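Everything below concerns the one structure shown next.
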Amino acid sequence: MTELTEKKNVPQHVAVIMDGNGRWAEKNGVSRLAGHNAGMLAMKEIVKRADVMGIKYLTVYAFSTENWKRSQEEVGGIFNLLVKFVGSELAELHKQNVRVRILGDYSQVPKAAVNSVEKALKTTDSNDGLQFNIALNYGGRQEILRAVQNISARVQAGDLAPSDITEDMISAALYTGEENGSMPDPDLIIRTSGEERLSNFLLWQCAYSELAFTDSLWPDFTPDEFEEMVIAFGSRSRRFGGR
Ligand code: IPE
Ligand code: IPE
Ligand code: MG
């Protein structure tokens with residue numbers, strides 16, 4: 001635990017919208033893919049710091065259901081980077097007792113990336129340190145739709161009456177639910193690059209999340225800035241509708 005974090009209120013679940021790789025690339029006169037590569041290096045450092053700080057769940061938004069609109073070259077390049085990340089980092093993550101989970105329909109991503117993801121899931125499955133969730137081909141509306149379809153099937157089968165559907169059942173049917181260890185909703189959602197929107201991220205789970213924004217472009221976002229934002233969050237008063 002670092003000095004800043006010691007004795008402070010560390011949230012259980014922090015989620016990050018890693019935005020600004022493209023603008024960072026433009027600013028530095030390099031290709032968008034070089035920007036994504038720099039972003040991956042930044043992500044590596046944030047995972048390490050989250051672990052040191054004692055955060056239990058770190059969720060990163062790596063690829064949205066809307067990101068398929070980008071050029072084939074960029075999309076392919078992002079998934080190649082994921083393969084590269086798993087190749088170079090999996091042993092270290094495993095050593096750190098990190099459990100990797102995927103939020104999203106990763107069956108639709110390129111085969112090499114599916115293979116890497118499955119290897120990461122399998123290797124780290126029984127670890128019980130930091131849970132590192134990668135939101136990959138993730139969309140909040142798609143996630144809710146899928147939950148509705150699953151619950152509807154139970155209703156149709158006669159196992160459940162519509163009036164018996166609860167909020168907890170909906171939470172359980174999301175990617176963050178039973179299939180990935182029923183994690184708490186994010187206490188804090190950080191977005192970099194100065195944009196202040198959710199872009200279809202964790203729409204159900206964000207009901208009471210604190211939101212924090214920074215102008216830093218994702219590749220420039222440092223573990224120290226991350227830690228400062230998380231600690232600043234710890235002193236906010238969360239009322240959950242009470243007084
Ligand atoms: C975020 O950076 C990474 C992904 C969406 C995959 P962007 O690529 O969106 O960067 P900007 O927003 O164009 O700067
Ligand atoms: C959100 O960033 C998705 C990820 C960080 C993976 P985008 O760059 O895709 O979001 P918009 O298009 O600015 O809303
Ligand atoms: Mg962006």
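Since this is a predicted model, take the numbers as computed values, not measurements. As the structure lists them, so they are numbered: ligands from 1, and atoms in each ligand from 1.
Only backbone heavy atoms of Phe63 (N, CA, C or O) come within less than 4.0 Å of ligand 2; its side chain stays farther off. The part of Arg191 lying near ligand 2 is the side chain, judged by heavy-atom distances below 4.0 Å.
Inspection of the Glu66 and Asn200 side chains reveals an N or O donor paired with an N or O acceptor under 3.5 Å. For the 3.5 Å distance criterion, the side chains of Ser171 and Asp168 fail to qualify, holding no donor opposite an acceptor.
Considering CG of Asn97 and CG of Asn127, their distance stands at 4.5 Å, rounded to 0.5 Å.
Summary of contacts: the protein heavy atom closest to atom 6 (C) of ligand 1 is Ala62 O, 3.4 Å. Looking from atom 2 (O) of ligand 1 to the surrounding protein, the closest heavy atom is Asn21 N, 3.2 Å. Of all protein heavy atoms, the one lying nearest to atom 5 (C) of ligand 1 is Arg70 NH2, 3.4 Å. Ranking the protein heavy atoms by distance from atom 10 (O) of ligand 1 puts Gly22 N, 2.9 Å first. Counting protein heavy atoms only, atom 1 (C) of ligand 1 is closest to Met18 O, 3.0 Å. Summary of contacts: the protein heavy atom closest to atom 9 (O) of ligand 2 is Asn67 ND2, 2.9 Å.
Within a 6.0 Å sphere centred on CD of Glu26, other residues, nucleotides and ligands contribute 12 heavy atoms or fewer.
The residues Asp125 and Arg101 are annotated as salt-bridged, a charged nitrogen and a carboxylate oxygen being separated by less than 4.0 angstrom.
For atom 12 (O) of ligand 2, the nearest protein heavy atom lies 4.0 Å or farther away.
Ligand 2 has a nitrogen or oxygen under 3.5 angstrom from a nitrogen or oxygen of Asp19. For ligand 2, one of its N or O atoms has an N or O atom of Ser199 under 3.5 Å away. Taking only nitrogen or oxygen atoms, main chain and side chain alike, Ile78 does not reach within less than 3.5 Å of ligand 1. Where the criterion is an N or O separation shorter than 3.5 Å, residue side chain and backbone included, Arg197 meets it with respect to ligand 2.
Inside a sphere of radius 2.8 Å centred on the Mg ion (ligand 3), the protein N/O/S atoms present are Asp19 OD1.
Heavy-atom distances between Gly20 and ligand 1 reach below 4.0 Å in at least one pair. In this structure, Glu26 has no heavy atom closer than 4.0 Å to ligand 1.
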